Amino acid sequence: MSTHPGMDEAIDILAGARRVVVTTGAGMSRESGVPTFRDAPNALWADYNPEDLATRAGFARDPALVWRWYAERRRMIAETTPHAGHRAIARMPRLFDGFLLLTQNIDNLHTTAGSSDVVELHGNIFRFKCFENGHPATPDEGAGEPPRCQCGSFLRPDVVWFGEMLDPHHIDRAYAALATCDAILVVGTSGLVYPAAGFPAVARDAGARVVEVNPEPSGVTPIADVFVRAGARDTLPLLVDALERLRGGR
Ligand code: BV8
């Protein structure tokens, strides 16, 4: 019998699954020290309105402010390291015939933890691109705020802002996996930002079981088969350890 209510059922569902999707949000990184978007007191959006910063219009209106906001977040994230929950997810692919990790997070922590195929739905704060033309670019040290691209435009973070389309290749991969998975594990998301917020329902409507790990109820909880009311760092290793035991350490 596990410590957390729902944990045994979560293990049963994932142990019986051949194809699994894991989707993670900001709560996945909170125990690494990366603030989430909504959780007080140090929520990222406590002092700012996301529409003012995480949009093309916000950047066009005040490029220096938006550049500085991302530079501050990049410096803070660079100080963090993945926790045992990130490392547990990195152990999951070999336990299943099909596995896909979809993250809303831009902090690179899943990759650092050893996950080799991460669908970064909302991009990556450590990558940059041209604001006008979208080609990848790297800022010169000590360049302005924001730096200029060779083509004369500004550089911007390579993240998906509100009102921007996600990478169609990521969308195609996500929906193909959601249509065929037996279970989706949803970790650390309030389930409010689309299209990622809709993924659990898409999987469920295609016949998958839904397992959620979150210390608080979210927009996903009403459709979850199992809601493990706990944090990612301590729960995911227990889940993966149990699955490895059941799989004979496969
Ligand atoms: C799109 C990158 C098509 C940047 C992000 C009007 C106009 C335009 C668009 C829209 C519109 N109305 C709706 C939309 C669609 C919009 C949307 O969904 N808006 C919401 C606000 C309603 N979506 C988009 O615009 C997307 N693009 O739809 O394109 C289109 C185009 C034009 C017009 C219409 C449609 C693009 C969305 C991507 C935005 N970019 N990030 C950056 O980071 O700066 S979003 C950003 O916020 C994150 O990536 C993430 O997705 C979201 C935050 O959500 P969470 O990750 O869930 O984090 P949150 O803080 O909310 O929750 C944390 C959770 O963790 C909580 O549940 C907490 O309990 C839990 N937790 C806490 N501790 C732990 C824990 N869990 C586990 N363990 C713990 N220890």
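Here the structure is a predicted model, which means the values were calculated and not measured. Order of appearance sets the numbers: ligands from 1, and atoms from 1 within every ligand. The figures here come from the full heavy-atom set of this structure, side chains too, leaving out hydrogens, waters and symmetry mates.
Judged by distance alone, with hydrogens and angles left aside, the side-chain atoms of E9 form no donor-acceptor pair with the main-chain N or O of V226 at under 3.5 Å. Using modelled atom types, no side-chain atom of R30 and backbone atom of T36 make a donor-acceptor pair closer than 3.5 Å. Remark: the backbone N or O of V211 is not paired with any side-chain donor or acceptor of D225 at under 3.5 angstrom. For the pair S32 (side chain) and T80 (backbone), a donor-acceptor distance under 3.5 Å is absent. Formation of a donor-acceptor pair under 3.5 Å by the N105 side chain with backbone atoms of G25 is found in this model.
Using a cutoff of 4.0 Å between basic side-chain nitrogens and carboxylate oxygens, D117 and R173 are scored as salt-bridged. Salt bridge status for K129 with D158: present, with a side-chain N to carboxylate O gap under 4.0 Å. A salt bridge between E132 and R156 is absent, with no side-chain N of the basic residue lying under 4.0 Å from a carboxylate O of the acidic one. Between R229 and E212 there is no salt bridge, since no side-chain N of the basic residue sits under 4.0 Å from a carboxylate O of the acidic one. A salt bridge does not link R73 with E79: every distance from a Lys NZ or Arg NE/NH1/NH2 to an Asp or Glu carboxylate oxygen is 4.0 Å or more.
The protein heavy atom nearest to atom 76 (N) of ligand 1 is G188 CA, 3.2 Å. With respect to atom 32 (C) of ligand 1, the closest heavy atom belonging to the protein is G163 O, 3.4 Å. Nearest protein heavy-atom contact of atom 72 (C) of ligand 1 is D39 OD2, 3.2 Å. Annotation: atom 47 (O) of ligand 1 to nearest protein heavy atom, W45 CH2, 3.5 Å. Nearest non-hydrogen protein atom to atom 65 (O) of ligand 1 is G27 CA, 3.1 Å. Of the protein's non-hydrogen atoms, the one nearest atom 50 (C) of ligand 1 is Q104 OE1, 3.4 Å.
In terms of the side chain to side chain contact (heavy atoms under 4.5 Å, CB included) criterion, residue partners of A208 (sequence neighbours excluded) are, by chain and number, C181, A203. In this structure A15 satisfies the side chain to side chain contact (heavy atoms under 4.5 Å, CB included) test together with L243, L246, R247, sequence neighbours excluded.
Interatomic distance, CG of D107 versus CD1 of I125, reported as 8.5 Å (0.5 Å rounding).
At a 4.0 Å heavy-atom cut-off, ligand 1 touches R38 through backbone and side chain alike. Of the heavy atoms in R30, only side-chain atoms (C-beta onward) come closer than 4.0 Å to ligand 1. With a heavy-atom cut-off of 4.0 Å, L192 touches ligand 1 through its backbone alone.
In summary, the atoms of ligand 1 found under 4.0 Å from a heavy atom of I106, numbered by their order in the structure, are 42 (C), 43 (O). Atoms of ligand 1 lying under 4.0 Å from at least one heavy atom of E31, given by number and element, are 78 (N), 79 (C), 80 (N). For ligand 1 and Y70, the ligand atoms under 4.0 Å from any heavy atom of the residue are 4 (C), 42 (C), 44 (O). The distance from ligand 1 to the heavy atoms of G25 drops below 4.0 Å at these ligand atoms: 56 (O). The ligand atoms of ligand 1 that sit less than 4.0 angstrom from a heavy atom of E216 are 69 (O). Taking every non-hydrogen atom of R73 and a distance limit under 4.0 Å, the qualifying atoms of ligand 1 come out as 42 (C), 43 (O), 44 (O). Shown in contact with G231 at under 4.0 Å from a heavy atom are these atoms of ligand 1, numbered in order with element: 78 (N), 79 (C), 80 (N).
Taking only nitrogen or oxygen atoms, main chain and side chain alike, H122 reaches within less than 3.5 Å of ligand 1. Residue-to-ligand polar distances place A232 within reach of ligand 1: an N/O pair is separated by less than 3.5 Å. Considering both main-chain and side-chain atoms, A26 comes within under 3.5 Å of ligand 1 through a nitrogen or oxygen pair.
Residue contact annotation: R233 has no non-hydrogen atom under 4.0 Å from ligand 1. Remark: distances from the non-hydrogen atoms of V160 to ligand 1 include one below 4.0 Å.
Both L238 and V213 are assigned to one and the same hydrophobic cluster, defined by single-linkage of ILVMFWY side chains at heavy-atom distances under 4.5 Å.
Aromatic ring orientation, F199 versus Y175: perpendicular (interplanar angle above 60°, classes split at 30° and 60°). Classification of the H86-H83 ring pair by plane angle, with boundaries at 30° and 60°, yields tilted. Using bins of under 30°, 30° to 60° and over 60° for the plane-to-plane angle, the ring pair F59/F131 lands in the tilted bin.
In this structure, of F37, W69, Y194, the residue bringing a heavy atom nearest to atom 24 (C) of ligand 1 is Y194. In this structure, of S29, S190, A197, P215, the residue bringing a heavy atom nearest to atom 75 (C) of ligand 1 is P215. Ranked by closest heavy atom to atom 1 (C) of ligand 1, the top entry among E212, M165, E164 is E164. With atom 66 (C) of ligand 1 as the reference point, the heavy atom nearest to it among N214, V213, L166, V193 is part of N214.
There is a protein heavy atom closer than 4.0 angstrom to atom 79 (C) of ligand 1. Of the protein's heavy atoms, none falls inside 4.0 Å of atom 11 (C) of ligand 1. Distance check for atom 5 (C) of ligand 1: a protein heavy atom is found below 4.0 Å. Checking atom 37 (C) of ligand 1 against the protein gives a heavy-atom contact under 4.0 Å. In this structure, atom 68 (C) of ligand 1 has a protein heavy-atom contact shorter than 4.0 Å. Distance remark: protein heavy atom present below 4.0 angstrom from atom 56 (O) of ligand 1. Within 4.0 Å of atom 22 (C) of ligand 1, at least one protein heavy atom is present.
Taking the ring centre of W67 as origin, the terminal cationic atom of R74 falls inside the region bounded by 6.0 Å and 45° from the ring axis.
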